[in-house]
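One structure below.
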Amino acid sequence: MKKIILLLALSLYSIAYSQIHDPVQWSTSVEKISETEYNLIMTSSIEENWHLYSQTVTEGGPVATTFSFGEVSGFELVGNTSEEEGHIIDDPIFGMKIKYFGDKAVFKQRIKVLTENSIHIVGEVEFMVCNDANCLPPTTVDLEFSIKGKLNGVNSKVTENTTKASEKSTTIIKNKHSKSSDKSLLTIFIIAFFSGFAALLTPCVFPMIPMTVSFFTKQSKSKAAGIRNAIIYGASIVVIYVLLGILVSAIFGADALNALSTNVWFNVIFFVLLVVFAVSFLGAFEIVLPSSWGTKVDAQADRGGIIGIFFMALALAIVSFSCTGPIVGTLLVEAAAGGSQVGPIVGMLGFSLALAIPFALFAAFPGWLNSLPKSGGWLNTVKVVLGFLELALAFKFLSNADLVLQLHLLERETFLAIWIAIFGALAFYLFGKIQLPHDSPLSHISVGRLSLGLVVMSFTIYMIPGLWGAPLNLISAFPPAQHYSESPYGVGFTKLGGGGSSEYNHGGLPKGAHIMPPHDIIAFDDYDLGLAYAKKVNKPVMLDFTGHACVNCRKMEQNVWVKENILPILKGDVVLISLYVDDKRPLPDGVEIESKLRPGKKLKYIGQKWSELQTIRYKANAQPFYVLMDHKEGSLIDPVGYTPDVEEYRTWLIDGISNFKK
């Protein structure tokens with residue numbers, strides 16, 4: 001009886017303190033579309049505070065959700081697997097926009113049945129989930145579907161109920177994560193709003209303010225009528241640009257917009273487009289709409305009334321296109337690449353409001369015109385500055401394409417060198433050392449131009465240390481990550497020493513070890529080699545269960561490991577073995593490992609081997625996960641996960657190492 005009670009207590013203890021997470025459950029159903037076509041529906045139920053990633057994720061980000069279906073005769077796939085609208089976050093660690101799902105997500109794969117016989121389809125989904133503290137390693141789950149010959153509609157009814165549930169869950173997701181979505185749209189609106197003011201200060205738009213005021217002064221019989229017409233004029237400007245945003249959203253659609261930030265060809269096209277815009281702003285040529293459009297619109301503007309005012313606003317958009325077009329194009333590209341179908345509409349709303357408000361106010365109160373500065377060469381200066389900014393932004397899109405393809409043609413140093421050249425040239429232009437077409441003769445520079453030149457030159461100088469490994473936190477979202485570089489330590493620099501091991505300093509690296517940049521920590525990614533080295537130098541082992549796509553792993557490495565009271569311990573007092581649970585390299589030829597967690601399945605990748613090790617030995621499957629162990633592979637102290645508190649993490653290290661020395 002005592003043994004039974006003891007076993008029951010141990011079981012309860014194991015359940016209570018187990019760190020194994022299983023936050024996603026999958027269900028399948030079939031929906032009949034026609035006599036020969038069906039939808040295979042995969043529904044994921046996700047626990048609170050966890051999120052599942054989309055099927056489209058940029059290289060270097062988290063593991064994307066991937067579906068595969070067995071090669072069974074009797075059916076063929078129609079198109080790609082579709083997914084419902086999720087949520088976009090601008091992840092500061094990965095430096096990219098990522099789509100994810102919470103609560104529930106529904107995926108559909110259309111198939112065409114080629115036989116009247118019943119068929120049994122076996123599929124597989126590989127996915128990764130994270131919460132605010134942990135990321136789980138990639139997990140694979142089997143999916144099964146049955147389609148009876150001459151389906152009688154029962155499955156259709158079941159799937160219809162499933163679809164209703166997914167619609168309900170979509171509403172829950174939107175309510176739960178509306179803050180992050182709203183924040184993203186607010187950012188688009190603010191950027192677009194200030195871009196509208198920038199467009200107002202270009203030589204195509206600014207001189208039109210007096211012309212507009214003159215028109216309304218002549219047309220309005222009273223002050224009240226002038227104010228009313230000015231409001232209609234401003235509203236017309238907003239309507240025209242918002243309609244443009246709606247058109248872009250309607251043409252692309254939500255699925256296409258979600259893929260923009262990761263699609264190679266879209267990024268390359270955007271790069272070329274922005275370079276063309278930039279060259280236009282710099283004065284090589286002007287982008288103009290056909291003159292016949294302006295003539296026809298002007299004729300309509302003479303009709304008077306609300307219709308005439310609307311066409312006058314349209315005439316403003318057409319005539320000023322050579323200056324506003326590149327800005328509008330850039331805004332639409334940026335908003336669309338954010339993945340939100342509402343983004344282009346919000347962007348055009350912000351841009352048009354900034355453009356419309358000054359026109360409406362000056363039209364309503366013409367006396368304010370006396371306070372405006374006179375047109376002059378400064379307007380062209382604004383246009384040229386915008387051209388340099390367009391050129392710099394263009395290389396961000398080219399960098400995205402390079403990262404996705406992993407070509408390493410535009411690594412961090414190259415990207416920074418290009419930006420240093422662009423902003424350096426802009427600084428010299430502002431100082432009057434460079435002259436471009438359409439520039440007026442410059443006998444002196446104004447205080448404002450000098451001040452802006454100093455700011456740009458300071459920014460240029462700030463970027464230069466980035467070539468030698470400086471993190472450049474001010475622009476961390478733009479250049480490639482530090483590890484995507486010719487050398488993590490900077491251009492022309494070779495690391496010759498600095499490790500905490502005397503063997504490293506004098507005899508080179510141990511077998512199987514590498515230097516983890518930029519911390520200079522000797523690390524192993526092979527368990528056996530790392531353990532053998534620890535025995536040789538008589539130091540405890542620190543197992544680091546991590547992942548290439550683990551957000552909090554990077555946070556620990558960037559914010560905790562670098563501290564002066566932590567880094568010397570990792571470099572000199574322990575042997576670090578980093579085991580990447582999402583390592584997609586296949587196991588060596590001839591090595592077959594039976595899965596202990598999924599009987600009958602074989603492990604394919606190195607990461608699966610380390611993931612099972614963590615799950616079986618330590619009853620945990622979240623990363624980061626740190627273990628201090630002795631040479632007999634016994635734990636020196638209870639393992640810990642994500643520990644952002646530096647002192648707490650240091651105490652854990654010191655206590656574990658002290659236990660090893662006893």
Side-chain angles (χ1 to χ4, degrees), residues 60 91-95 130 132-135 412 468-473 476 481-485 487-490 493 495 497-501 504-505 509-510 513-527 530 533-534 537 539-583 610 614 618 620 622-629 635-658 660:
D91 194 284
I93 301 298
F94 294 122
C130 295
D132 291 338
N134 298 301
C135 281
R412 183 178 176 88
W468 285 269
L472 304 182
N473 293 330
S476 58
Q482 283 183 281
H483 63 80
Y484 194 80
S485 58
S487 169
Y489 301 101
F493 187 88
K495 199 68 180 172
S501 166
Y504 167 55
N505 289 331
L509 282 173
H514 64 275
I515 295 297
M516 179 183 289
H519 310 307
D520 298 346
I521 304 173
I522 298 178
F524 293 82
D525 55 16
D526 184 282
Y527 183 92
Y533 179 72
V537 296
K539 293 180 181 179
V541 171
M542 183 173 123
L543 295 182
D544 166 29
F545 289 97
T546 182
H548 295 294
C550 173
V551 175
N552 285 322
C553 301
R554 303 294 88 77
K555 287 182 179 178
M556 287 293 293
E557 293 163 10
Q558 295 171 13
N559 301 325
V560 177
W561 285 16
V562 297
K563 299 300 182 183
E564 59 183 11
N565 56 347
I566 299 292
L567 190 57
I569 299 175
L570 298 179
K571 292 173 69 172
D573 298 335
V574 299
V575 173
L576 177 65
I577 304 177
S578 294
L579 305 177
Y580 287 84
V581 299
D582 57 357
D583 189 337
W610 304 137
Q614 180 190 0
Y618 300 107
Q623 291 79 44
F625 190 76
Y626 305 108
V627 179
L628 282 173
M629 70 178 196
S635 295
L636 296 169
I637 191 173
D638 290 339
V640 296
Y642 178 58
T643 312
D645 187 296
V646 176
E647 284 304 317
E648 181 182 349
Y649 193 70
R650 181 179 182 275
T651 300
W652 176 79
L653 285 170
I654 295 298
D655 290 348
I657 294 170
S658 298
F660 174 80

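If you read the sequence from its start, that first residue is 1, and numbering goes on from there. Model, not experiment: these values are computed from the prediction.
Tyr626 pairs in a ring pair (Phe, Tyr, Trp, His ring centres under 6.0 Å) with only one of the listed residues (Tyr642, Phe545, Tyr649), which is Tyr649.
In this structure, the separation between CD on Gln623 and CH2 on Trp610 is 13.5 Å, given to the nearest 0.5 Å. The CE atom of Met556 lies 9.0 Å from the CG atom of Asp544; values are rounded to the nearest 0.5 Å. Of the inter-residue distances, the one linking Leu653 atom CG with Glu648 atom CD reads 11.0 Å to the nearest 0.5 angstrom. Going from atom CG of Leu570 over to atom CD1 of Ile521 covers 5.0 Å, rounded to the nearest 0.5 Å. Rounding to the nearest 0.5 Å gives a distance of 10.5 Å between CD1 of Ile522 and NE2 of His514. To the nearest 0.5 Å, atom CD1 of residue Ile654 and atom CD1 of residue Ile637 are 10.5 Å apart.
Taking each heavy atom of Ala534 and Val541 in turn, the nearest pair found is CB-CG2, 3.4 Å. For the pair Asp525 and Leu579, the tightest heavy-atom approach, listed with the atom from each and the gap, is O-CD2, 4.1 Å. Taking all atoms of both residues into account, the shortest heavy-atom contact from Gln614 to Ala622 is NE2-O, 2.9 Å. Residue Asp573 comes nearest to Ile657 through the heavy atom pair CB-CD1, 3.8 Å, listed as atom of the first residue, atom of the second, then distance. The minimum heavy-atom distance linking Val575 with Gly530 is given by the pair CG1-O, 3.7 Å. Residues Ser578 and Thr546 come closest through the heavy atom pair CB-CG2, 4.3 Å.
Shown here are the side-chain contact (heavy atoms from CB on, under 4.5 Å) partners of Asn565, two or more places apart in sequence or in another chain: Lys563, Val646, Glu647, Arg650. Scored by the ring-ring contact (aromatic ring centres under 6.0 Å, His included) test, Phe660 finds His631 as partners (sequence neighbours excluded). Scanning for side chain to side chain donor-acceptor pair (under 3.5 Å) contacts around Trp652 gives an empty result, with sequence neighbours left out.
The shortest side-chain heavy-atom distance between Phe625 and Val581 does not fall under the 4.5 Å cut-off. Counting heavy atoms from C-beta on, the side chains of Leu628 and Asp655 never come closer than 4.5 Å. Under the 4.5 Å side-chain criterion, counting only non-hydrogen atoms from C-beta, Leu472 is in contact with Arg412. Between Val574 and Lys539, every side-chain heavy-atom pair lies at or beyond the 4.5 Å cut-off.
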**Message:** Quick one, Tyr527 with Leu543, criterion side-chain contact (heavy atoms from CB on, under 4.5 Å). Give me CA distance, side-chain angles, the key distance, then yes/no.
**Reply:** CA-CA 9 Å; Tyr527 183 92; Leu543 295 182; 3.8 Å; yes
